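Please read these numbers as outputs of a predicted model, since none were measured by experiment.
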Amino acid sequence: SAVISQKPSRDICQRGTSLTIQCQVDSQVTMMFWYRQQPGQSLTLIATANQGSEATYESGFVIDKFPISRPNLTFSTLTVSNMSPEDSSIYLCSVVGAARSYEQYFGPGTRLTVT
Amino acid sequence: AQKVTQAQTEISVVEKEDVTLDCVYETRDTTYYLFWYKQPPSGELVFLIRRNSFDEQNEISGRYSWNFQKSTSSFNFTITASQVVDSAVYFCALSQSSGSARQLTFGSGTQLTVLP
């Protein structure tokens, strides 16, 4: 399994500001995903970030609000822009374990509170 | 479109009882993968099991067992002799296999509380 770290682990931000979340993997992976988990809710996929291509966003998520970078096979960032209290969530990155694997492993998450 | 339904929002049991968490899924794919994850209060998502649609054998891992029934589109999870440390939110998830897609569709989760 892949070991995934995220920074920051938690943050409290003011409305209107932006926060960039980093996701680091201990091995090279092609597929990386960003999920959001709103309080008491399930996980919802924000976007798929494959190295060398633009991120693919799910319905309801746009690049201007959640820009993603994927500069190499071990790292990605998600920015939550112009935050509002509705953005208060846990943001998780995940990777597929191996090229032919469907096992998906998750980072520890970033707990974001917007005031 | 894919969908995963976990009808049980919350379950509470007393330690040492057996408990079954239900998961029903919908997909048009003939090949797909099903998963269970555990989310303890600390928040991290712990991978428990992956099952592909061609393998309907039940699986047992220690106190955990999974019952996959394609005929009823169900993938239920049983914890035998539950322990307080089993208290967590459990998510069932579905992944399609077409093309390069690997993203997961999650159920709404079941909050399991095991009382001492």
Open item on the list: Once rounded to the nearest 0.5 Å, what's the spacing between atom CZ of A/R10 and atom CD1 of A/I90?
Closed with: 8.5 Å
Open item on the list: Please classify the contact of A/L45 with chain B as side chain, backbone, both or neither, using a heavy-atom distance under 4.5 Å.
Closed with: side chain
Open item on the list: Between B/S42 and chain A, with a heavy-atom cut-off of 4.5 Å, which part of the residue counts as in contact: side chain, backbone, both or neither?
Closed with: backbone
- [ ] Against chain A, label B/Q6 side chain, backbone, both or neither, depending on which of its atoms sit under 4.5 Å from a heavy atom there.
- [x] neither
Open item on the list: Regarding B/R63 and B/D86, does a basic nitrogen lie under 4.0 Å from an acidic carboxylate oxygen?
Closed with: yes
Task: B/F106 and B/F35 aromatic centres sub-6.0 Å - done: no
Task: Parallel, tilted or perpendicular, as decided by the 30° and 60° cut-offs, for the rings of B/F77 and B/W36 - done: tilted
